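Written below as structure tokens is the structure these notes are about.
Keep in mind it's a predicted model, so treat the numbers as computed, not measured. Numbers here are sequence positions counted from 1. Hydrogens, waters and symmetry mates are skipped; everything else that's a heavy atom, side chains included, is used.
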Amino acid sequence: MDQSPIAAARPAALPPSATLDIDVMRSVLAIAETGALTHAAQRVGRTPAALSMQLKKLEDLLGERLFERERQGMVPSAAGERLLPHARRLIEAHREAIDAFRYPSLSGTVRLGLIDDYTGGRMAEVLSGFARSHPEVIVDTIMGRTTMLVPMIEADELDLALITPGSGTSWQPADRVVHEEPIVWAAKEGGSAWRQRPVPVAVATSSCSWRRMTLETLERTNTPYRVAYQSDFIVPQQAAVMADLAVSPMPRSALLPGMRQLRPSEGFDGLGNTRIALRLGADPSPAVLALAERISDCCCALPG
């Protein structure tokens with residue numbers, strides 16, 4: 001049986017001197033989250049050619065193909081999915097070590113605002129790592145929509161917040177993009193809601209830019225639809241999908257086990273990317289700046 005070039009070159013075992021470079025791990029994570037070398041290169045401040053070379057060297061070292069090129073972009077292979085949690089842990093451990101010397105003794109309280117769409121595993125890792133590095137800092141968190149969090153920053157009720165500028169909230173020069181990923185159509189694995197016409201959709205209220213993007217896409221492709229469920233929080237939308245009552249636009253990372261991404265070949269065109277920004281209040285304290293740096297670093301911030 002013929003073997004792929006990577007499979008044929010797979011070593012019997014990694015050499016004892018094999019190492020995983022932190023910068024390469026950041027690149028792998030950026031490719032996985034953006035689905036494109038171009039976007040990933042912007043995140044890590046390299047050229048697409050340099051990222052491609054990094055990826056090839058890593059694949060040669062591991063003897064595994066880490067990404068497959070599909071119509072919707074670069075998707076992690078089985079080996080890539082196996083590597084990603086290790087990459088995240090290595091990056092976090094590196095950040096903890098740096099923080100232990102950069103900010104050796106911090107205390108006080110940091111008031112952090114989080115949007116509902118970004119309160120899952122990644123933020124849990126960020127906050128737990130920050131707590132280990134700075135046990136004397138208390139982080140008070142509040143969850144809400146961007147249109148609620150921004151006025152709280154302006155009123156000095158929050159020190160920093162993760163937001164999604166768009167409908168109703170303009171970008172500010174100091175906003176720092178910390179995360180970008182595709183918005184995809186989520187459907188229940190093996191479900192039939194996506195076949196219905198009009199197709200039932202679960203979306204947020206009218207202030208959400210994803211809602212506007214979704215409905216404009218359906219109208220542009222002449223796809224009959226009805227808004228079956230509305231919620232400003234992602235959990236009810238996920239519940240509607242899992243019950244096979246609707247399809248819903250959501251960040252690719254928000255897909256739960258039992259969900260799948262609908263494809264253009266099934267009549268659901270791409271919805272573009274979402275960008276999550278970090279906004280700080282006036283006169284941030286050293287503890288606020290330390291948490292802001294950790295969020296930016298751990299979430300593969302775009303340069304500038």
For this session: Write down the atom of Val44, the atom of Ser27, and the distance for their closest heavy-atom approach.
Result: CG2-OG, 4.1 Å

Problem set entry | Test item: Ser231 side-chain N/O and Phe233 main-chain N/O as donor-acceptor pair under 3.5 Å | yes

Seminar exercise, completed: Between Val150 and Arg279, the two heavy atoms sitting closest are CG1-NH1, 3.5 Å

Exercise. Under 3.5 Å, is there a donor-acceptor pair between the side chain of Asp269 and the main chain of Thr221?
Worked result: no

Exercise. Distance-only, no hydrogens or angles: does the Ser128 side chain make a donor-acceptor pair with backbone N or O of Ala124 under 3.5 Å?
Worked result: yes

Exercise. How many angstroms lie between atom OG1 of Thr147 and atom CD1 of Ile163, to the nearest 0.5 angstrom?
Worked result: 10.5 Å

Exercise. Hey, are the side chains of Leu160 and Pro284 touching, using non-hydrogen atoms and a 4.5 Å cut-off?
Worked result: no

For this session: Check for a donor-acceptor pair, side chain of Ser107 on one end and backbone N or O of Glu136 on the other, with a separation under 3.5 Å.
Result: no

Problem set entry | Joint cluster assignment, Ile234 & Leu256, ILVMFWY side-chain distance < 4.5 Å | yes

Problem set entry | Arg226 side, atom CZ; Leu218 side, atom CG - distance, nearest 0.5 Å | 13.0 Å

Problem set entry | Separation of Ile183 CD1 from Gln261 CD (nearest 0.5 Å) | 11.0 Å

For this session: Would you name the heavy atoms of Leu278 and Ser296 that are closest together and state the gap between them?
Result: CD2-OG, 4.0 Å

Exercise. Side chains of Gln237 and Ser248: is there a donor and an acceptor less than 3.5 Å apart?
Worked result: yes

Exercise. In terms of side-chain geometry, is the basic nitrogen of Glu92 or Arg294 positioned less than 4.0 Å from the acidic oxygen of its partner?
Worked result: yes

Seminar exercise, completed: Here the gap from Leu62 atom CG to Leu83 atom CG, rounded to the nearest 0.5 Å, amounts to 6.5 Å

For this session: To the nearest 0.5 Å, tell me how far Met143 CE sits from Leu112 CG.
Result: 12.5 Å

Exercise. What's the verdict on side-chain contact (heavy atoms from CB on, under 4.5 Å) for Val184 and Leu271, showing C-alpha distance, side-chain angles and the deciding distance?
Worked result: CA-CA 6 Å; Val184 301; Leu271 295 170; over 6 Å; no

Problem set entry | Lys57 bridged to Asp60 by N-O distance under 4.0 Å | no

For this session: Run the salt-bridge test on Arg88 and Glu33 with the 4.0 Å N-O cut-off and return the result as yes or no.
Result: yes

Exercise. When hydrophobic residues are tied together by side-chain contacts of less than 4.5 Å, even through go-betweens, does Val28 share a cluster with Ile22?
Worked result: yes

Exercise. Can you find a pair of side-chain heavy atoms, one from Arg89 and one from Met25, that are under 4.5 Å apart?
Worked result: no

Exercise. Any side-chain heavy atom of Leu289 within less than 4.5 Å of one from Leu291?
Worked result: no

Exercise. Can you check whether Leu37 reaches Arg69 side chain to side chain, under 4.5 Å on heavy atoms?
Worked result: yes

Exercise. In Å, rounded to the nearest 0.5 Å, how long is the span from CD of Glu189 to CE of Met242?
Worked result: 9.5 Å

For this session: Quick one: closest heavy-atom pair of Leu280 and Ala292, and the distance?
Result: CD1-CB, 4.1 Å

For this session: Examine distances only and state if a side-chain atom of Thr223 and a backbone atom of Glu219 form a donor-acceptor pair shorter than 3.5 Å.
Result: no

Exercise. What closest approach, in Å, do Ala193 and Leu245 show between heavy atoms, and which atom pair accounts for it?
Worked result: CB-C, 4.2 Å

Problem set entry | side-chain contact (heavy atoms from CB on, under 4.5 Å) assessment of Ile138 paired with Val110 | CA-CA 6 Å; Ile138 299 171; Val110 177; over 6 Å; no

Exercise. Any chain of hydrophobic side-chain contacts (each under 4.5 Å) joining Tyr229 to Met250?
Worked result: no

Problem set entry | Same apolar cluster: Trp194 and Val227, side chain cutoff 4.5 Å | yes

Exercise. Any sub-3.5 Å donor-acceptor pair from Thr47's side-chain atoms to Ala50's backbone N or O?
Worked result: yes

Exercise. Are Ile31 and Met53 co-members of a hydrophobic cluster defined by side-chain heavy atoms under 4.5 Å apart?
Worked result: no

Problem set entry | Side chains of Leu20 and Leu58 in contact at under 4.5 Å (non-hydrogen atoms) | yes

Exercise. Counting only N and O atoms by type, is there a donor-acceptor contact under 3.5 Å from the side chain of Asp175 to the main-chain atoms of Ala277?
Worked result: no

Exercise. Are Arg260 and Trp185 in a cation-pi contact, defined as NZ or CZ under 6.0 Å from the six-membered ring centre and within 45° of the axis?
Worked result: no

Exercise. In terms of side-chain geometry, is the basic nitrogen of Arg82 or Glu64 positioned less than 4.0 Å from the acidic oxygen of its partner?
Worked result: yes

Exercise. Is the shortest heavy-atom distance from the side chain of Arg111 to the side chain of Ile142 under 4.5 Å?
Worked result: no

Exercise. Quick one: does Leu127's side chain get under 4.5 Å of Val139's, heavy atoms only?
Worked result: yes

For this session: Taking all non-hydrogen atoms of both residues into account, name the closest pair between Ala186 and Leu255 and its distance.
Result: CB-CD1, 4.2 Å

For this session: Determine whether Val199 and Val247 make a side-chain contact, defined as any pair of heavy atoms from C-beta on separated by less than 4.5 Å.
Result: yes

For this session: Starting from the C-alpha separation in whole Å, work towards a yes-or-no answer on side-chain contact (heavy atoms from CB on, under 4.5 Å) for Leu162 and Ile295.
Result: CA-CA 9 Å; Leu162 285 170; Ile295 291 172; 4.1 Å; yes

Exercise. Does the side chain of Arg275 come under 3.5 Å of the side chain of Thr164 through a donor N or O and an acceptor N or O?
Worked result: no

For this session: Kindly say whether Met213 contributes a backbone atom to a donor-acceptor pair with the side chain of Glu216 at under 3.5 angstrom?
Result: no

